[in-house]
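The block underneath contains the structure these notes are about, expressed in structure tokens.
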Amino acid sequence: MKTAFSTASVHARDRLAYWLEEASRHYVTHEFSTPVGRKFNGEIRVATLGTFDVAAFRCDEAKVVRTPRCLKGATDDDILLCQQVAGHTTVHQDGRDVITTPGDVYLIDPRRPFALGVGVTRSLVFKVPRWELQARLGEVASHTAMPVPRGKPVSILASEFLTMAAERADAIDPSMGAKVARQALDLVALAFEARTGNAALLSSTRTTTLLRLKSIIEARLSDPELKPAGVAAIAGISVRYANALLAHEGTSLERFIVQRRLQRCRLALEDPAQLGRTVGDIAYSYGFSDLSHFTRRYQAQFGRSPGESRPVVR
């Protein structure tokens, strides 16, 4: 792994600002504070493994908070797969708190607020495409801020494999990197299975392709030019195969895009915090270009007009 940033080369007065900038770039946007002030020291090393971006952090005591303000405008479509290498970290997300110890492997979802209390520590952070983990674990929210079971052989194996993969990432041929990354995720999924008892889905080509297809659609719903052919091309499959995958769910690629747009509009319309937005603004923000067409489709899908979906102000 190559060094991307070190406070050793930065003047003390600029150290904290530079660290926050670099840590946000290699991690996620967050708020940062430290009790040691300008004496703070840290280093970030980076590598790539298949579809993963890997960052190794070494730093002094600090607090990292992903606030609702940090989430505004965020487009993160990765899950953070974290491994404690040395020291400890207090992790809080989704109402759960845990203190991690060396070897612990845990997940953080950047789409929701979280807080980390970092001791003098070393850790690895793998940015994993969301669809890759969902294909193996299902809904990620039930796994956040909960390390894989300590002491279990498969947990130890998963932790050691992640360490080894990160250390050797630069030496692994890019054509093999994706395969190594998939094996790492399979091990992590098996380790979570040991805690939850739910069977992990390991490297099913059909399942991962379907989840990737849905992830591509989800990330581009605001694009009015989003078409089935374009989605399939990004996923690296044909429209025919995409339709075959979705046929098992009783839909097609084109219908699925419209359904997801309508569902996202419905959530926005029903949200009291978005009462200041017009129906048209919400419809246009999710890729509809004709308000009359949107209203008809919405009425057919949900049995009521968009206006009738808005909460009543008392």
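With a 4.5 Å cut-off between side-chain heavy atoms of Ile, Leu, Val, Met, Phe, Trp and Tyr, the cluster of F32 takes in F5, V10, L16, Y18, W19, L20, Y27, V28, V36, F40, I44, V46, F57, V64, L80, V91, V98, Y106, I108, F114, L116, V118, V125.
Shortest non-hydrogen contact noted between A268 and I282 is CB-CG2, 3.8 Å. H30 approaches C70 most closely through the heavy-atom pair CA-SG, 3.8 Å. Across all their heavy atoms, A166 and M1 have their closest contact at O-CG, 3.3 Å. The minimum heavy-atom distance between A189 and R136, with the atom names listed, is CB-CB, 3.9 Å. Closest of all the heavy-atom pairs between R261 and D223 is NH2-O, 2.5 Å. Shortest non-hydrogen contact noted between R310 and R277 is NH1-O, 2.6 Å.
Atom CG of D170 is separated from atom CZ of R45 by 9.5 Å, given to the nearest 0.5 angstrom. One finds the CG atom of L187 at 12.0 Å from the CD atom of E193 (value rounded to the nearest 0.5 Å). Expressed to the nearest 0.5 Å, how far CG of L245 lies from CZ of R240 amounts to 12.5 Å. Atom CG in L291 sits 11.0 Å away from atom NE2 in H293 (nearest 0.5 Å). With rounding to the nearest 0.5 angstrom, the CD1 atom of I172 is 11.5 Å from the OG1 atom of T48. Expressed to the nearest 0.5 Å, how far CD of Q299 lies from CG of L262 amounts to 12.0 Å.
Put simply, the side chain of E254 does not reach to within 4.5 Å of the side chain of I257, judged on heavy atoms. Inter-residue side-chain proximity for S222 and S285 is flagged as unmet; no heavy-atom pair is nearer than 4.5 Å. A heavy-atom distance below 4.5 Å is not found between the side chains of W131 and L213. Under the 4.5 Å side-chain criterion, counting only non-hydrogen atoms from C-beta, K127 is not in contact with F52. Here the side chains of C265 and F288 are in contact, with some heavy-atom distance below 4.5 Å. Under the 4.5 Å side-chain criterion, counting only non-hydrogen atoms from C-beta, I79 is not in contact with F126. Proximity of V188 to L162: side-chain heavy atoms (C-beta onward) are separated by under 4.5 Å at one or more points. Within the 4.5 Å cutoff, side-chain heavy atoms of C59 are placed close to those of T121.
Residues V140 and M146 do not share a hydrophobic cluster, clusters being chains of Ile/Leu/Val/Met/Phe/Trp/Tyr side chains in contact below 4.5 Å. Note: the hydrophobic cluster containing V128 also contains L157 (ILVMFWY, side chain heavy atoms under 4.5 Å, direct or indirect links). Residues V85 and M164 share a hydrophobic cluster, clusters being chains of Ile/Leu/Val/Met/Phe/Trp/Tyr side chains in contact below 4.5 Å. By the criterion of side-chain heavy atoms lying less than 4.5 angstrom apart, applied directly or through intervening Ile, Leu, Val, Met, Phe, Trp or Tyr residues, I237 is grouped together with I216 in one hydrophobic cluster. Both L226 and I234 are assigned to one and the same hydrophobic cluster, defined by single-linkage of ILVMFWY side chains at heavy-atom distances under 4.5 Å.
At distances below 3.5 Å, at least one donor-acceptor pair connects side-chain atoms of S155 with backbone N or O atoms of P149. Looking only at distances, a side-chain donor or acceptor of D60 sits under 3.5 Å from a matching main-chain atom of N41. Side-chain N or O atoms of E308 include one that pairs as donor or acceptor with a backbone N or O of S305 at under 3.5 Å. A distance-only check finds no donor-acceptor pair linking the side chain of R15 to the backbone of H11 [under 3.5 Å]. In this structure a side-chain-to-backbone donor-acceptor pair under 3.5 Å is present from S142 to E139. At distances below 3.5 Å, at least one donor-acceptor pair connects side-chain atoms of T163 with backbone N or O atoms of S159.
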Next on the checklist: Go through it in stages, so that I can follow the logic: the residues are Y298 and S309, the test is side-chain contact (heavy atoms from CB on, under 4.5 Å), and I'd like the CA-CA distance, side-chain angles, deciding distance and then a yes or no.
Outcome noted: CA-CA 10 Å; Y298 191 96; S309 293; 2.7 Å; yes

Item to check | Steps toward salt bridge (charged side-chain N to carboxylate O under 4.0 Å, His left out) verdict (E31, K63) | outcome: CA-CA 8 Å; E31 295 182 358; K63 186 173 183 180; over 6 Å; no

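Geometric assessment of R266 against the ring of F302 yields a positive cation-pi assignment under the 6.0 Å and 45° thresholds.
Using a cutoff of 4.0 Å between basic side-chain nitrogens and carboxylate oxygens, R182 and E132 are not scored as salt-bridged. Ion pairing between E218 and R264 holds under the 4.0 Å rule for side-chain N and carboxylate O. Residues R150 and D104 are paired through a salt bridge, judged by an N-O separation under 4.0 Å between the basic side chain and the carboxylate. E43 has no carboxylate O lying under 4.0 Å from a charged side-chain N of K2, or vice versa, which leaves the two without a salt bridge.
In the displayed structure, I99 atom CD1 is contacted under 6.0 Å by at most 12 heavy atoms of other residues, nucleotides or ligands.
Counting only N and O atoms by type, the side chains of R260 and Q263 include a donor and acceptor under 3.5 Å apart. Side-chain polar atoms of T89 and Q84 form a donor-acceptor pair below 3.5 angstrom. Between D94 and T144, the side chains place a donor N or O and an acceptor N or O closer than 3.5 Å (distance only, hydrogens not considered).
The side-chain hydrogen bond (donor to acceptor under 3.5 Å, both in side chains) with D109 is formed by just one residue from the set R66, R130, Q93; it is R130.
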